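To find a chain, count down the sequence lines: A is the first, B the second, and so on, and within it residues start at 1. Keep in mind that this is a model prediction, so the values were computed, not measured.
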Amino acid sequence: MKLELGKIYIHDVQFADKTYVENGTLFVCKEEIEKLVLEDDRLISARVELARPGESVRIAPVKDVIEPRVKVDGPGAIFPGVINKVKQVGEGRTHALVGSTVITCGRIVGFQEGVIDMSGPTAKYTPFSETYNVCVVIEPKEGLETHDYEAAGRMAGLKVATYVGEAGRNVEPDEIVTYETKPLLEQIAQYPDLPKIGYVHMLQSQGLLHDTFYYGVDAKKFIPTLMYPTEIMDGAIVSGNCVAPCDKVTTYHHLNNPVIEDLYKRHGKDLNFIGVILTNENVFLADKERCSDMVAKLAQFIGLDGLLITEEGYGNPDTDLMMNCKKVTQAGTKVVIITDEFPGRDGKSQSLADAVPEADTMVSCGQGNIIVHFPAMDHVIGTLDFVETMIGGYEGCIKADGSFDAELQIIIASTIANGFNKLAARTY
Amino acid sequence: MDNVMVTNNCRCFEKWKDIFQMEFEEGWTYLDVLTKARDYIHQGYHLLTHPLAGSVKPNQTPFKSIILSKDTLEDAEEFRDLVLIEDSIAAYHKFIKGKPLPDWPEKSREDFRTVDLSLMEGVVSNPIMNRR
Amino acid sequence: MAKYKIVHYINNFFAGAGGEEAAGMKPELHEGAMGPGLALKAAFGDDYEIVATVVCGDNYFGEKTDAAKAELLEMIKKYDPQLFIAGPAFNAGRYGVACGTMCKAVEAELGIPVLTGMYEENPGVDMFKKDLIIVKTKNSAAGMKDAVPHIKTIGEKMVKGEEILGPSIEGYIERGIRVNYFHEKRGSERGVDLLVKKCRGEAVETEYPMPKFDRVPPNPPVADMSKVKVAMITSGGIVPQGNPDHIESSSATKYGVYSIEGMDRMDKKDFMTIHGGYDRAFVTENPNLVVPLDVMRDLEREGVIGELANYFITTTGTGTSTGNAKGFGEDFVKKLKEDGVGAVVLTST
Amino acid sequence: MVKEVERAGIPVVHIATVVPISLTIGANRIVPAIGIPYPLGDPNLPEEKSKQIRRELVERALKALQTPVDEQTVFE
């Protein structure tokens, strides 16, 4: 499977009468976006605001972040099984508006959604302080059931991103990167002397606000399967969760999965990137045993020499992570784990909720419990009303001028456990 | 299947009180639920669900539900459940020490109940739960 | 400019009072620097002054900890110091524990920075490394020269409120605190690097070491059972009739020590079970099913074991937190040691 | 408790009904007991038989105490 990713670099975002890209500037039509969102009668209001790097702007509470993309050639279309029809993706050509995002925000439940600061001391912790963001603030109709609201919010973001992505269809990309993974036997034959490497991508799948979808299938209902790495770049996986903001894997992070990107960078040089094993993080312990058995089986079945494992979330997923690591190791495949840490406020406790001796090679994406100071910003997109109750915030932490102290875990993707960031933790 | 649900979530209690044996007490804390589950494990029960299910941390949500069974559904390492419950209790203390549970308004409490209920719905709907 | 004031704590040996024979000495106060403090004084230079040295015998401190602590705190308080330094204790265990205890006490009472130094294997290290900065020293006083510059640098930073960097840079013992920093490469790239190396069979270093499972290595076996005093302990909830100490039937917060002097077996008239976790009927009828006194007496009589301790220790295991259980153990082993118990049979239900 | 006794330098044997729990709490010398309602003996049998079983278990425990071990060992 071969995908050409055409990168159109965006250096600014502005409102206009229609939505288009010109000379690296993304122009968006506010009215059309609002109209699109309000097609869903579960939502009663949609407000579009723009946020640019360096501005004194705080976005909260963030639901999802999505990079606008459009499929210009090859089978299927972006977000198959969710926005577009179910059809295999990952082949042909896709254009991405790199440097821009669509961010959905608004209150879903009384907790959990995170913060993005476009400037100031906390901006460095989130990648979205460096992107040009089209923010859509949504509000549900009175009394809407939580599951429905979650679904409406998720769909709104994906619809807007698809709409904005269309603006890149006929634009000549600044750069084209080609990614290719061949069918198993051919791929192994291509670089017979290099170690065969895979990637176990664990998807959050515990329930409401904890779900992820693969071609529209709820991840808690599938069993581990193999995926061509390029499928994910066409939106085969979308996020339907807002667990702890810091280690939420947004849809943006699925589209731009760093492990897949970095494995491709070394593909044919010092490793042979064979493919991705998708698995889940269910609540049911029998599911955990079954799925980790299957992950180990698949790794052995396709003859991997080594693999990376990433997780999403803390606690329950740590058990899946450790089971996967242990069983894969015992099946004869070398493992490296990428994770974030929660060692408590004082940094002295165990970072993970589970541990096995096989997990002897870990990469740390930083710890989410340290307290950081958020100075007041000139403008807030969304609302700060819920900061105190959001994860990481605590009662009385917000001051009259809008500044507050909170744990790092309140910032979207600050310790994301797939290695997207440079943040790490070490022992003092 | 001889199942017991330990919970402090009235919505779980209402929904499944006729299906499971229930250990329910509205006033229990998250820790009380973990402790009760540990007592069951000490008496030979097996965990069916992960004690930290849901990535809402123990100092964030007031609600917790855990399903245990006299039978085990999987061929797990024998002391897995004991380790899981002890680690979960340790995790509870770690978080609560840094930041106590906020005094949530009822609207938020209801949201937390909904999320906890959803986690359990995913489990109860699993066909293996209907095994006799 | 006024000088920063330091108070220094040392033991009998370093105060020149003598070794073991002087270990019982009570707290003493000396104006200015003395002993190892002279080297510190030279290192810290003119902006700092060791205003007093407090001294205490290691045995006195160990045996009368609370009294010693209180007396020493009184002495230290009146100097209103900006920094407290204890030791270094090098490899002296009791001294290390005293240094750690005093540092914690001074920090809590006076709210000033505290600093000590020890050899890695000093028992004080495990007790205090999470709470204190302990400068890493050699295992004898010959290491003073190497330790002084680290004590000086860290001490100055503490007094001035400057950031103290990582343990390998500053020369203190790793405290086990996870601290964030920005790496030059992103996590996924580091992960791929590690994996490629691991697949090549090269050594790789993890960024987050798995916790060491708290295991105590087994003791050597009992050489001659017929010469040893054996004690019985149970978590099976056997107590004297009426449960005089009100031990809980589950989630116990206490344990009991009960006499079995002159008894040949556990009589159901004398003992009952309070254990909440199992069907009590059989054990109520015959407590020897949990505390095998009858058999132990036979073995004692036959000379298989040297002697049976004249009490048993009991609590309930069900629902009892590992923390509580650990606490019970730490508490009652003192008694076992004092009574010369050489082996323990612990029964659980 | 068992670890604290061991840590104090006193050899300890754990007669436990649930061996995995014993392993988890870190006992080094473990003798499996009969069962939960009656760990040392079998009250369904006549008392002298039951006591005989108890004696065998205790003897096995004493033997464990006199056996050198490097790691957690279950004396079946």
Side-chain angles (χ1 to χ4, degrees), chain A residues 124 195-197 257-263 265-266 270-271 305-310 334-344 346-352 355-370 408 415-428, chain C residues 107 126-136 154 157-158 163-215 322-323:
Chain A
K124 63 177 178 287
K196 299 180 285 297
I197 302 298
N257 184 296
V259 174
I260 290 175
E261 236 168 68
D262 287 340
L263 283 171
K265 277 187 196 144
R266 310 275 283 264
D270 49 12
L271 59 85
D305 297 309
L307 54 76
L308 285 135
I309 310 179
T310 64
K334 303 259 193 312
V335 177
V336 171
I337 286 174
I338 303 177
T339 184
D340 59 346
E341 306 184 32
F342 294 93
D346 58 11
K348 294 177 185 176
S349 300
Q350 297 304 337
S351 289
L352 299 175
V356 294
E358 285 82 0
D360 59 2
T361 317
M362 314 258 287
V363 170
S364 165
C365 298
Q367 67 114 317
N369 288 130
I370 57 152
L408 182 60
T415 65
I416 185 166
N418 62 11
F420 192 89
N421 301 332
K422 291 177 175 172
L423 190 71
R426 58 188 163 200
T427 305
Y428 263 26
Chain C
E107 191 175 40
D126 270 348
M127 290 171 69
F128 296 104
K129 68 177 176 186
K130 286 217 169 187
D131 300 316
L132 301 173
I133 289 195
I134 304 174
V135 170
K136 196 181 209 168
I154 298 172
K157 284 188 172 190
M158 281 177 153
E163 188 189 352
I164 293 159
L165 303 173
S168 56
I169 301 166
E170 305 275 19
Y172 61 90
I173 291 170
E174 196 176 277
R175 306 179 62 191
I177 297 176
R178 298 296 285 171
V179 177
N180 284 343
Y181 71 104
F182 284 95
H183 199 282
E184 60 199 30
K185 289 179 182 177
R186 69 177 180 176
S188 51
E189 191 181 347
R190 276 145 45 214
V192 175
D193 285 345
L194 285 173
L195 185 58
V196 168
K197 279 191 187 163
K198 200 172 179 182
C199 286
R200 284 189 196 132
E202 293 172 23
V204 287
E205 198 170 330
T206 185
E207 295 182 5
Y208 172 66
M210 280 285 104
K212 287 197 187 71
F213 299 92
D214 180 27
R215 289 277 179 258
T322 44

Q: Do NZ/NE/NH1/NH2 and the carboxylate oxygens of Arg200(C) and Asp305(A) come within less than 4.0 Å?
A: no
Q: So which of Ala417(A), Cys365(A), Ser351(A) has the largest heavy-atom pair count under 4.5 angstrom toward chain C?
A: Ser351(A)
Q: Using modelled atom types and a 3.5 Å cut-off, is there a donor and acceptor pairing between side-chain atoms of Thr206(C) and backbone atoms of Met362(A)?
A: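 Here the side-chain-to-backbone pair exists.
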Q: Just wondering, do Asp131(C) and Lys348(A) contact through their side chains at under 4.5 Å, heavy atoms?
A: yes
Q: Please classify the contact of Glu184(C) with chain A as side chain, backbone, both or neither, using a heavy-atom distance under 4.5 Å.
A: backbone
Q: Taking side chain as everything from C-beta outward and backbone as N, CA, C, O, which of these in Ile416(A) sits under 4.5 Å from a heavy atom of chain C? Side chain, backbone, both or neither.
A: neither
Q: What I'd like to find out is whether the side chain of Arg186(C) reaches to under 4.5 Å of the side chain of Glu261(A), using heavy atoms alone.
A: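 In contact.
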Q: Sort Asp270(A) into side chain, backbone, both or neither according to what part of it lies under 4.5 angstrom from a heavy atom of chain C.
A: both
Q: Checking Val192(C) against chain A: side chain, backbone, both or neither under 4.5 Å from a heavy atom?
A: both
Q: Check whether Arg426(A) gets within reach of chain C through its side chain, its backbone, both or neither, counting any heavy atom under 4.5 Å.
A: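 Looking at Arg426(A), backbone and side chain both touch chain C.
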Q: Tell me, do Lys334(A) and Thr361(A) make a side-chain contact under 4.5 Å, heavy atoms counted?
A: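 A side-chain contact under 4.5 Å is absent here.
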Q: Can you tell which of Leu263(A), Val335(A), Leu271(A), Ile197(A) has the highest number of heavy-atom pairs within less than 4.5 Å of chain C?
A: Val335(A)
Q: Answer with side chain, backbone, both or neither: which region of Val204(C) has an atom nearer than 4.5 Å to a non-hydrogen atom of chain A?
A: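 Contact with chain A involves the side chain of Val204(C) alone.
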Q: Any idea which of Ile338(A), Asn421(A), Val259(A) has the most non-hydrogen atom pairs under 4.5 angstrom with chain C?
A: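 Option with the greatest count: Asn421(A).
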Q: What pair of heavy atoms forms the shortest contact from Pro167(C) to Tyr428(A), and how long is it?
A: CD-CA, 3.5 Å
Q: Does Lys130(C) reach the side chain of Arg175(C), with side-chain heavy atoms less than 4.5 Å apart?
A: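 Result no, sub-4.5 Å side-chain heavy-atom pair not found.
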Q: Where does Ile173(C) contact chain A at under 4.5 Å (heavy atoms): side chain, backbone, both or neither?
A: neither
Q: Any salt bridge linking Arg190(C) with Asp193(C)? Criterion: basic side-chain nitrogen under 4.0 Å from a carboxylate oxygen.
A: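 No, no charged N to carboxylate O under 4.0 Å.
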Q: Is Ile370(A) in contact with chain C via its backbone, its side chain, both, or neither, using a 4.5 Å heavy-atom distance?
A: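 Contact with chain C involves the side chain of Ile370(A) alone.
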Q: So for Leu408(A), is it side chain, backbone, both, or neither that comes closer than 4.5 Å to the heavy atoms of chain C?
A: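 Answer is side chain: those atoms of Leu408(A) sit under 4.5 Å from chain C.
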Q: Against chain C, label Pro258(A) side chain, backbone, both or neither, depending on which of its atoms sit under 4.5 Å from a heavy atom there.
A: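 The answer is both parts of Pro258(A).
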Q: Do Leu423(A) and Phe182(C) make a side-chain contact, defined as non-hydrogen atoms from C-beta onward lying under 4.5 Å apart?
A: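 Side chain of Leu423(A) against side chain of Phe182(C), heavy atoms only: contact under 4.5 Å found.
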Q: Using distance alone, with no hydrogens and no angle criterion, decide if Glu207(C) and Ser364(A) have a side-chain donor and acceptor under 3.5 Å apart.
A: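 On atom types as modelled, these side chains do not qualify, holding no pair under 3.5 Å.
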Q: Can you tell me which of Lys185(C), Glu189(C), Lys198(C), Glu174(C) forms the most heavy-atom pairs within a distance under 4.5 Å of chain A?
A: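 Heavy-atom pairs under 4.5 Å are most numerous for Lys198(C).
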Q: What part of Asp346(A) is in contact with chain C, defined as an atom under 4.5 angstrom from a non-hydrogen atom: side chain, backbone, both or neither?
A: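 Looking at Asp346(A), just its backbone touches chain C.
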Q: Measure distances from Gln367(A) to the heavy atoms of chain C and classify the residue's part below 4.5 Å as side chain, backbone, both or neither.
A: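 For Gln367(A), backbone and side chain are both near chain C.
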